[in-house]
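Any value given below was found using the heavy atoms of this structure, including those in side chains, with hydrogens, waters and symmetry copies removed. Sequential numbering from 1 along the given sequence is applied to the chain's residues.
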Amino acid sequence: TISDYYRSMKGTMLDMYRRPEKLLAALEKILKWRADVAVPARPRQQGGIPARTGMPLHRGSDGFMSIKQFETFYWPFLKKSAEININQLGYVFTPFFEGVWDQRLEYLLDLPKGKVVFHCEKTDIFKAKEVIGSHMCIQGGVPPTLLEVAGLKGRAPMTGVSHVPVLKGAKVSPRELVKEGRVGWLM
């Protein structure tokens with residue numbers, strides 16, 4: 001939020017080095033304000049599907065900041081935000097994990113089990129399945145550009161479909177999943 005709307009990416013990165021205590025105080029203040037104005041989830045009428053809330057997570061991926069910086073400036077606030085959305089507001093937390101999160105998967109085990117959808121872009125979904133597969137739902141793992149290049153708007157390409165049996169533990173081939181209409185982005 002700070003780097004997107006208030007300080008810019010450059011300003012926020014400089015703050016991490018020049019005035020870390022002020023940056024942390026600002027992060028706390030914004031998180032409190034967002035929690036105070038948040039609207040609790042309303043149960044959906046159709047089949048009891050829980051309400052979801054999400055956000056793009058584009059500044060916390062591997063290579064964007066060191067693990068120490070991630071642990072200081074990013075993870076505590078993402079974790080608190082997720083816990084507020086889940087425990088206080090009643091949402092299933094469904095952020096979009098942009099980029100690669102391979103080195104940060106273990107942190108996600110600190111989030112409430114069964115209340116988070118790991119919707120990823122370029123993360124190794126086989127590694128994600130190994131680390132967080134019994135803790136949260138895994139979604140994505142196929143770059144959207146692959147659909148455009150393959151000309152398959154609205155359909156999963158075979159490269160993405162090949163992941164489905166492994167992730168779901170299915171005993172059928174990808175082609176059968178497509179034929180039966182059981183393939184979707186949610187894995």
Roughly how far, to the nearest 0.5 Å, is the CZ atom of R18 from the CG atom of L23?
-> 13.0 Å
Distance, nearest 0.5 Å, that separates CZ of F118 from NE2 of H135 = 12.5 Å
Search all heavy atoms of M13 against all heavy atoms of F64 and return the closest pair with its distance.
-> CE-CE2, 3.2 Å
Shortest non-hydrogen contact from F73 toward L27 | O-CD1, 3.5 Å
K80 and E28 ion-paired at < 4.0 Å = yes
Pair D4 + R59: basic N to acidic O under 4.0 Å = yes
Side-chain heavy-atom pair V92, V117 within 4.5 angstrom cut-off | yes
Sub-6.0 Å ring centroid separation between F70 and Y107 | yes
Counting only N and O atoms by type, is there a donor-acceptor contact under 3.5 Å from the side chain of R104 to the main-chain atoms of G60?
-> yes
Measure from the side-chain N and O atoms of D62 to the backbone N and O of Q103, and report whether any donor-acceptor pair falls under 3.5 Å.
-> yes
Please work out which of the three classes, parallel, tilted or perpendicular, describes the rings of W101 and F97, given edges at 30° and 60°.
-> perpendicular
R7-T12 side chain donor-acceptor pair, cut-off 3.5 Å | no
